[in-house]
2 protein chains.
Amino acid sequence: MTRRHQQIAEELRQAIAEGTYPVGSALPSESELALTHGVSRGTLRQAFGTLQSEGLIGSRQGARRVVLATTPSQSFTELRSFAQWARAGGRAPGGLVLSSARGKATEAQAAQLQLAPDDEVLHVLRVRTLDGEPVLLERTVYAGWAADAVERLPDDCESVTQSLYEAAGLVMCHGEHHLDAVAAGTTDARELGVRRGSPLLRVRRTTTTADGRPVETSDDRYKPGSVVFTVRNSVQANPLVRTSPTA
Amino acid sequence: MTRRHQQIAEELRQAIAEGTYPVGSALPSESELALTHGVSRGTLRQAFGTLQSEGLIGSRQGARRVVLATTPSQSFTELRSFAQWARAGGRAPGGLVLSSARGKATEAQAAQLQLAPDDEVLHVLRVRTLDGEPVLLERTVYAGWAADAVERLPDDCESVTQSLYEAAGLVMCHGEHHLDAVAAGTTDARELGVRRGSPLLRVRRTTTTADGRPVETSDDRYKPGSVVFTVRNSVQANPLVRTSPTA
DNA sequence: GAGTGGTCTAGACCACAAT
DNA sequence: TTGTGGTCTAGACCACTCG
């Protein structure tokens, strides 16, 4: 059963994509759409909220909502596994474990994974491919309590996140990502097929379960050109003028 | 006048920061907090929604909300100008225009700025500093209709976004950002004080007004080490299992 | 001043989690 | 079974935009 507000959001999304409401134009008012869809204003606002968080529409008090874009910004605001993300873009994800070893957590790792110092962790080096081409090298550290499930996965596992859910009921739910750029090291260069010292996009991330328990922390390095991260955002309620008198 | 739901969100934010609700613990239920704050459940949910979008708490139907982090994720989900962002981190922003010239828009630029081909645009090359150290080189293209206001700004303008608002009423409201990594070119190397070919984080962005009209499109290159972008996100309503039967 | 979105209420029912 | 969050309703008032 799909929720009513989701249906309405999808209808509006399509109408925007089809050009019924071109970029820059105003949408019908809340009360108008609530009437035509036979739904209360609250439900309609919920649908609008979804579209707003996708960056499709913008709003200001007193004025009608405005179309900002025709396609939802994907990728980031919604956490996606590499495999899901690849398939959403119509590309075939692949992967291969290069090495896997148990060891002790460093102090920093223990802190990030909320473990006691010297707790056991599992280090995995994994290359990920898109349509057969290597695009991403992952250095992942799994918390010890998740290590068994990870080790049982096949080396060429296509979707780690999906498999961990199916095999161990592990749901990776929240994530924190830090992005910067680094020069490719020897291993990076060899596995990704680039020159040593060439630029890579680095994403350091920590993933947690629904109740906030960290499962893994990872250093992911992307070959440029193959992958671009996109974020769409807005000044939410407060226009610039309100943020501070002099800032 | 601050809204009730904002006050409650702020109270909860502080309680979380102070450790009243440690990471991983469950928060009181909606109805409970609604009672103690003397407010309806809807208002309380609005406050919770804010905290959720800041990545502080997570929720699943049927279970109590859970604390995921103690500090709100800044920077990205909320659009911020360089100057605002710098001040929020307690650092002093600076800037200097290196060159500024009018010209015709390329086809790609015209499309991105929603201009007619051959419309006039303003190219600005600007270096940005943090505590005096250059960290960012901006190559910005402004739509012709905004060019006059931009040219009237002082060369060492500290906050372009703020000044454009004050001088011309221009409010940059929405933005789309594409992130990848590139090697530093000759100009990048000279202005940022790095070696040619060393890795830079590139952010290509387009900024628009409240009604979706593009003001500028820019190629920004960040010196690594000085700046890290952070994104915190969640699988929203649908847990992994729901996304697709086989994906 | 009319219309719009933002806020808030007080109720209801449902799907799901915990026990 | 009980309690929780997710959905939805039908109203109300306010702050704001716009003609």
Side-chain angles (χ1 to χ4, degrees), chain A residues 1-10 12 21 25-53 56-68 169 171 173 209-213 234-242, chain B residues 1-10 12 21 25-53 57-68 169 171 173 209-212 234-242:
Chain A
M1 192 224 290
T2 58
R3 302 269 95 86
R4 195 75 184 94
H5 72 92
Q6 290 177 352
Q7 294 175 14
I8 295 174
E10 182 52 30
L12 291 171
Y21 307 113
S25 71
L27 288 164
S29 73
E30 290 180 359
S31 14
E32 201 175 327
L33 285 172
L35 267 180
T36 63
H37 286 81
V39 86
S40 85
R41 208 183 137 210
T43 304
L44 200 95
R45 280 177 66 81
Q46 215 176 338
F48 268 150
T50 306
L51 267 53
Q52 205 147 346
S53 75
L56 287 179
I57 62 176
S59 70
R60 301 135 66 206
Q61 188 171 82
R64 289 202 172 183
R65 284 184 171 79
V66 160
V67 179
L68 295 173
V171 180
C173 218
T209 61
D211 53 356
R213 198 170 181 202
S234 286
V235 183
Q236 73 292 49
N238 17 328
L240 190 60
V241 60
R242 298 261 185 69
Chain B
M1 194 225 288
T2 58
R3 302 271 95 84
R4 196 74 185 91
H5 71 92
Q6 289 177 351
Q7 294 175 16
I8 295 174
E10 182 53 30
L12 291 171
Y21 307 114
S25 71
L27 288 163
S29 73
E30 291 180 358
S31 13
E32 201 176 328
L33 284 172
L35 267 179
T36 63
H37 286 82
V39 86
S40 84
R41 206 181 139 212
T43 303
L44 200 96
R45 280 178 65 80
Q46 215 176 339
F48 268 151
T50 306
L51 266 54
Q52 204 148 346
S53 75
I57 62 175
S59 70
R60 302 133 68 204
Q61 189 171 84
R64 290 200 172 185
R65 284 184 172 79
V66 159
V67 179
L68 295 173
V171 180
C173 218
T209 60
D211 52 356
S234 287
V235 183
Q236 73 292 49
N238 16 330
L240 190 60
V241 59
R242 299 260 186 69

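If you check D:dT7, C:dA17, C:dT4 against the side chain of A:S29, the one that comes closest is C:dT4. For A:R41, counting side-chain heavy atoms from C-beta on, the closest listed nucleotide (C:dT7, D:dG5, D:dT4) is C:dT7. In the set C:dA10, C:dA12, D:dC18, C:dA10 carries the atom at the smallest distance from any side-chain atom of B:S40. Of the candidate nucleotides C:dT7, C:dG5, D:dG6, C:dT7 has the atom lying nearest to any side-chain atom of B:H5. Checked against C:dA10, D:dG6, D:dA15, the side chain of B:R3 finds its nearest nucleotide in D:dA15.
Straight-line distance from the CZ atom of A:F48 to the P atom of D:dT7: 18 Å, rounded to whole Å. In this entry the distance linking CZ of A:R64 with C1' of C:dG3 reads 8 Å, nearest Å. Rounding to whole angstrom units, CD of residue A:Q46 and P of C:dG6 are separated by 15 Å. Taking atom CD of B:Q6 as the reference point, atom P of C:dT7 lies 7 Å away to the nearest angstrom. Regarding B:R45, its CZ atom lies at a distance of 5 Å from the P atom of D:dG6, rounded to whole Å. At whole-Å resolution of the value, CG in B:L35 and P in C:dA10 are 11 Å apart. As rounded to whole Å, 15 Å separates atom C1' of D:dG11 from atom CD of A:E30. Atom CG in A:L33 sits about 11 Å away from atom P in C:dT4, given to the nearest Å.
The shortest distance between the side-chain N/O atoms of B:S59 and the OP1/OP2 oxygens of D:dG6 is below 4.0 Å. Considering only side-chain N and O atoms, A:T43 lies under 4.0 angstrom from the phosphate OP1 or OP2 of D:dT9. At the phosphate of C:dA17, neither OP1 nor OP2 sits under 4.0 Å from any side-chain N or O atom of B:Q61.
Residue B:R65 is in sugar-phosphate contact alone, with no base atom involved, counting any heavy-atom pair closer than 4.0 Å across all strands shown. Within the 4.0 angstrom heavy-atom criterion, only backbone atoms of the sugar-phosphate kind lie near B:R4; the bases stay farther away.
Nearest heavy-atom pair across B:A26 and B:R64 is CB-CB, 4.0 Å. For the pair B:A9 and B:T50, the tightest heavy-atom approach, listed with the atom from each and the gap, is CB-CB, 4.4 Å. A:T2 and A:Q7 get closest at one heavy-atom pair: OG1-NE2, 3.2 Å.
Evaluation of atom-type donor-acceptor distances gives no pair under 3.5 Å for the side chain of B:R60 against the base of D:dG6.
Side chains of A:I57 and A:Y21 form no contact here, defined as non-hydrogen atoms less than 4.5 Å apart. Side-chain contact between B:Q52 and B:R65 is present, with heavy atoms from C-beta onward closer than 4.5 Å.
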